[in-house]
Amino acid sequence: MSRIEIKNAKKVFGDTTVIPNLSVSIPEGTLFTLLGPSGCGKTTLLRMIAGFNTIEGGDFYFGNERINDQDPSKRNIGMVFQNYAIFPHLSVGDNVAFGLKQRKMDRTKIKKQVEKHLQLIQMNEYWDRKPENLSGGQQQRVALARSLAINPDVLLMDEPLSNLDAKLRLDMRQVIREIQREIGITTVYVTHDQEEAMAISDLIAVMRDGEIQQIGKPKELYHRPANEFVASFIGRTNILEGELVQDNGQAILKMQHGRIIKMPLLNHVEPQKVRVSIRPEEFIRTENKEAISARILESIYLGLNTEYFLVLETGEKVQMIEESMFTEDLNPGDQIYLDININKINVFTENGVRNLLEVGS
Ligand code: ATP
């Protein structure tokens, strides 16, 4: 098991710098996810860790060992890709044994190791099956067992669930999470699916254009996103313009809709124009007619929750979500009043690049 340390990594393809200068420290034993939109450089970084991409700058360490110039086969990594990559002509058992045979392990030991790993993925009875007779989820479990059988120091997974259907994806998240915890292997997991990242990760690094925007636990990223990009990428949010003013040492947020909100957490912050991030569940319906007035444009019943598309008096459009009520029926055109859960909202600088509220507040 290894901690992974990356210092000032740089990746260039031809004339294009895809990763300008990236540093990250991945603690031993964690499931660490690289999350970001398509093309942000997740796979590129993972391939640099694996040794499949050249490194144009920076230092990569597994534990204390610098691996920049180490051959991929010497790095002792397990890899799982989205397209299973298990050998169709080999049985399940032979697939799992593959890396061990390459390492010339003796036959009794190989048998034990395969047994152990088929047990881990709960597929002992499939030892002799060919991959064509397995479901996608089972194939992906075999790929996982094969990559773990060699006792790697580090496990790398690139969108391992994206070829599976929605229901199976949820089950497989759980399988991966449980197995990773059981073995405690340092794992770097790539996905563009924020919900998957939240469900599976100890830590998430949100990437954009080859740069890390924020690293944190799923809850930290959702609750206190470092900037507007993270706020919008992790979950959904409404961004409204506002102004932060100071009145006798008290921070007050003035919003376009005339609502004034006391923000004690910002008492020390200089007056400035801001962008206020309010998640759909941070609007709370009230009977108070002094509150923010909104009109319903559309409502979508989702079972547990109902989602509303609203327009405020200012013309700003927002989304709100609340638990569905069996008896209540709000319709397009209805007038409602909203409060804001001020403990949860986030306030960004006018350019959206910094949260004025600190993580942990
Ligand atoms: P996705 O989720 O779509 O896989 P990603 O975040 O993994 O996206 P990368 O595959 O790392 O993104 O690609 C980052 C950028 O580098 C993209 O602009 C891509 O076009 C470019 N790129 C990746 N591999 C190469 C290559 N071999 N040659 C040239 N450009 C490349």
Side-chain angles (χ1 to χ4, degrees), residues 4-26 30-60 67-69 71-73 75 77-85 136 139-140 143-144 147 154-166 168-170 172-173 176 186-216 218 221 225-236:
I4 304 174
E5 187 81 36
I6 300 173
K7 291 184 182 157
N8 307 110
K10 182 174 180 185
K11 178 72 216 160
V12 181
F13 289 115
D15 295 338
T16 317
T17 301
V18 173
I19 297 176
N21 182 8
L22 183 148
S23 297
V24 58
S25 184
I26 301 175
T30 50
L31 200 161
F32 189 98
T33 296
L34 302 173
L35 171 69
S38 184
C40 72
K42 309 177 292 286
T43 297
T44 300
L45 184 63
L46 197 77
R47 289 174 58 85
M48 290 166 92
I49 299 172
F52 301 147
N53 270 347
T54 55
I55 298 172
E56 275 69 52
D59 301 294
F60 286 65
I67 53 149
N68 285 50
D69 305 317
D71 192 76
S73 63
R75 294 187 187 191
I77 32 185
M79 287 205 77
V80 181
F81 304 98
Q82 80 182 55
N83 53 356
Y84 319 134
Q139 291 189 38
Q140 202 52 317
L144 181 60
S147 64
V154 165
L155 178 63
L156 305 180
M157 305 182 95
D158 194 354
E159 305 261 7
L161 307 184
S162 52
N163 275 346
L164 306 178
D165 68 51
L168 204 53
R169 247 189 336 247
L170 298 188
M172 279 300 289
R173 272 184 201 172
I176 292 174
T186 312
T187 302
V188 186
Y189 189 100
V190 163
T191 182
H192 63 269
D193 179 337
Q194 56 96 14
E195 198 187 290
E196 185 175 304
M198 300 278 274
I200 212 168
S201 316
D202 293 309
L203 289 171
I204 301 174
V206 180
M207 288 180 69
R208 179 192 200 184
D209 299 337
E211 289 176 355
I212 293 180
Q213 303 288 308
Q214 186 175 11
I215 298 173
L221 298 186
N227 56 39
E228 196 176 315
F229 174 79
V230 177
S232 311
F233 195 76
I234 304 271
R236 281 180 302 164

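As the structure lists them, so they are numbered: ligands from 1, and atoms in each ligand from 1.
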key: Closest non-hydrogen atom pair between Gln140 and Phe81, with its separation   = NE2-O, 2.9 Å
ask   = Without hydrogens or angle criteria, can the side chains of Asp193 and Thr191 be said to hold a donor-acceptor pair below 3.5 Å?
value = no
query = Which atoms of ligand 1 have any heavy atom of Glu159 under 4.0 Å away?
reply = 2 (O)
task = Please write down residue, atom name and distance for the protein heavy atom closest to atom 10 (O) of ligand 1.
result = Thr43 CB, 3.7 Å
task = Starting from atom 16 (O) of ligand 1, find the nearest protein heavy-atom neighbour and note its residue, name and distance.
result = Val18 CG2, 3.4 Å
request  = For Asp15, enumerate each residue passing the side-chain contact (heavy atoms from CB on, under 4.5 Å) test, keeping only those at least two apart in sequence or located in another chain.
outcome  = none
task = Drop me the distance from Leu161's CG to Ile200's CD1, to the nearest 0.5 angstrom.
result = 6.0 Å
message = Checking a contact table here: which protein heavy atom is nearest atom 2 (O) of ligand 1, and how many Å away?
response = Lys42 NZ, 3.0 Å
key: Donor on one side chain, acceptor on other, Thr54 and Lys11, under 3.5 Å   = yes
inquiry  = Would you say atom 31 (C) of ligand 1 makes contact with the protein, given that contact here means a non-hydrogen protein atom less than 4.0 Å away?
reply    = yes
task = Please verify whether a non-hydrogen atom of Gly39 lies at under 4.0 Å from ligand 1.
result = yes
task = Could you walk me through whether Asp202 and Thr187 pass side chain to side chain contact (heavy atoms under 4.5 Å, CB included), step by step?
result = CA-CA 10 Å; Asp202 293 309; Thr187 302; over 6 Å; no
query = What's the shortest distance from atom 27 (N) of ligand 1 to any protein heavy atom, and which residue and atom give it?
reply = Phe13 CE2, 3.5 Å
inquiry  = Is atom 24 (N) of ligand 1 near the protein, in the sense that some protein heavy atom lies at less than 4.0 Å from it?
reply    = yes
task = To the nearest 0.5 Å, tell me how far Leu46 CG sits from Tyr189 OH.
result = 12.0 Å
message = Ignoring hydrogens, what is the shortest heavy-atom contact between Met48 and Arg75? Give both atom names and the distance.
response = O-NH1, 3.2 Å
remark   = In this structure, atom 3 (O) of ligand 1 is nearest to the protein heavy atom Ser38 OG, 2.6 Å
ask   = Side chain, backbone, both or neither: which part of Thr44 comes within less than 4.0 Å of ligand 1 when only heavy atoms are counted?
value = both
request  = Find all atoms of ligand 1 within a distance of less than 4.0 Å from any non-hydrogen atom belonging to Pro37, and give their numbers and elements.
outcome  = 6 (O)
